[in-house]
Structure formats: C-alpha cells, structure tokens
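The block underneath contains the structure these notes are about, expressed in structure tokens.
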Amino acid sequence: MKKYIPLEEGDFYLTPEGYRCFTEQYHLKRGYCCESVCRHCPYGFNKKTSSIKKKD
C-alpha cells in the first residue's frame with residue numbers, strides 16, 4: 001500500500017486547463033518516480049529507454 005502524503009503549499013499548481021500539476025517539491029517528498037513522464041520530475045525518467053537518471 002502506498003503511503004499517503006498530505007498536500008502542502010507549493011506541491012502543485014493548476015494548469016490553464018484546470019489540471020493539478022505536481023511540482024518538483026512534491027515529487028521529492030514522495031520519494032520515487034512513478035514513470036509517468038511528469039513535467040517536473042526530478043528523477044529524469046526516459047520513456048524511450050524506460051530508465052531513471054536522477055538529476056544531481
């Protein structure tokens with residue numbers, strides 16, 4: 001079961017279309033890559049190679 005992470009200020013913003021876009025702050029707090037090619041992913045997931053290269 002995945003751990004519940006409460007949302008805090010700065011964890012996401014709303015796009016012009018009305019979707020929640022999670023920030024790098026939230027992804028780092030979550031602690032892993034979901035491999036969904038997120039806009040602000042700090043883990044550097046590459047969809048073509050299915051590999052993760054964490055940014056330093």
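For clarity, every value in this text was computed on a predicted model and none was experimentally measured. The figures here come from the full heavy-atom set of this structure, side chains too, leaving out hydrogens, waters and symmetry mates.
In this view, Y19 and T15, E17 satisfy the side chain to side chain contact (heavy atoms under 4.5 Å, CB included) rule, not counting sequence neighbours. Residues passing the ring pair (Phe, Tyr, Trp, His ring centres under 6.0 Å) test with F12, sequence neighbours excluded: none. Here R30 pairs with I5, Y26, H27, Y32, C34 under the side chain to side chain contact (heavy atoms under 4.5 Å, CB included) rule; sequence neighbours left out. Considering only residues two or more places apart in sequence or on other chains, E35 meets the side-chain hydrogen bond (donor to acceptor under 3.5 Å, both in side chains) condition with none of them. With sequence neighbours excluded, the residues satisfying side chain to side chain contact (heavy atoms under 4.5 Å, CB included) with K48 are N46. In this structure, the side-chain hydrogen bond (donor to acceptor under 3.5 Å, both in side chains) partners of T49, at least two apart in sequence or on a different chain, are S51. Residues that satisfy the salt bridge (Lys or Arg N to Asp or Glu O under 4.0 Å) test with E8, not counting sequence neighbours, are K29. Legend: residues meeting side chain to side chain contact (heavy atoms under 4.5 Å, CB included) with E9, ordered by chain and number and at least two apart, are absent.
When all heavy atoms of F45 and C33 are compared, the pair lying nearest together is CB-SG, 3.7 Å.
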Is there a side-chain contact (heavy atoms from CB on, under 4.5 Å) between T23 and R39 once you walk through the steps?
CA-CA 8 Å; T23 62; R39 185 177 293 175; over 6 Å; no
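The structure places OH of Y43 at 9.0 Å from CD1 of I52, a figure rounded to the nearest 0.5 Å. Here NZ of K47 is found 9.5 Å from OG of S36. Values are rounded to the nearest 0.5 Å. Rounding to the nearest 0.5 Å places CG of D11 at 12.0 Å from SG of C21.
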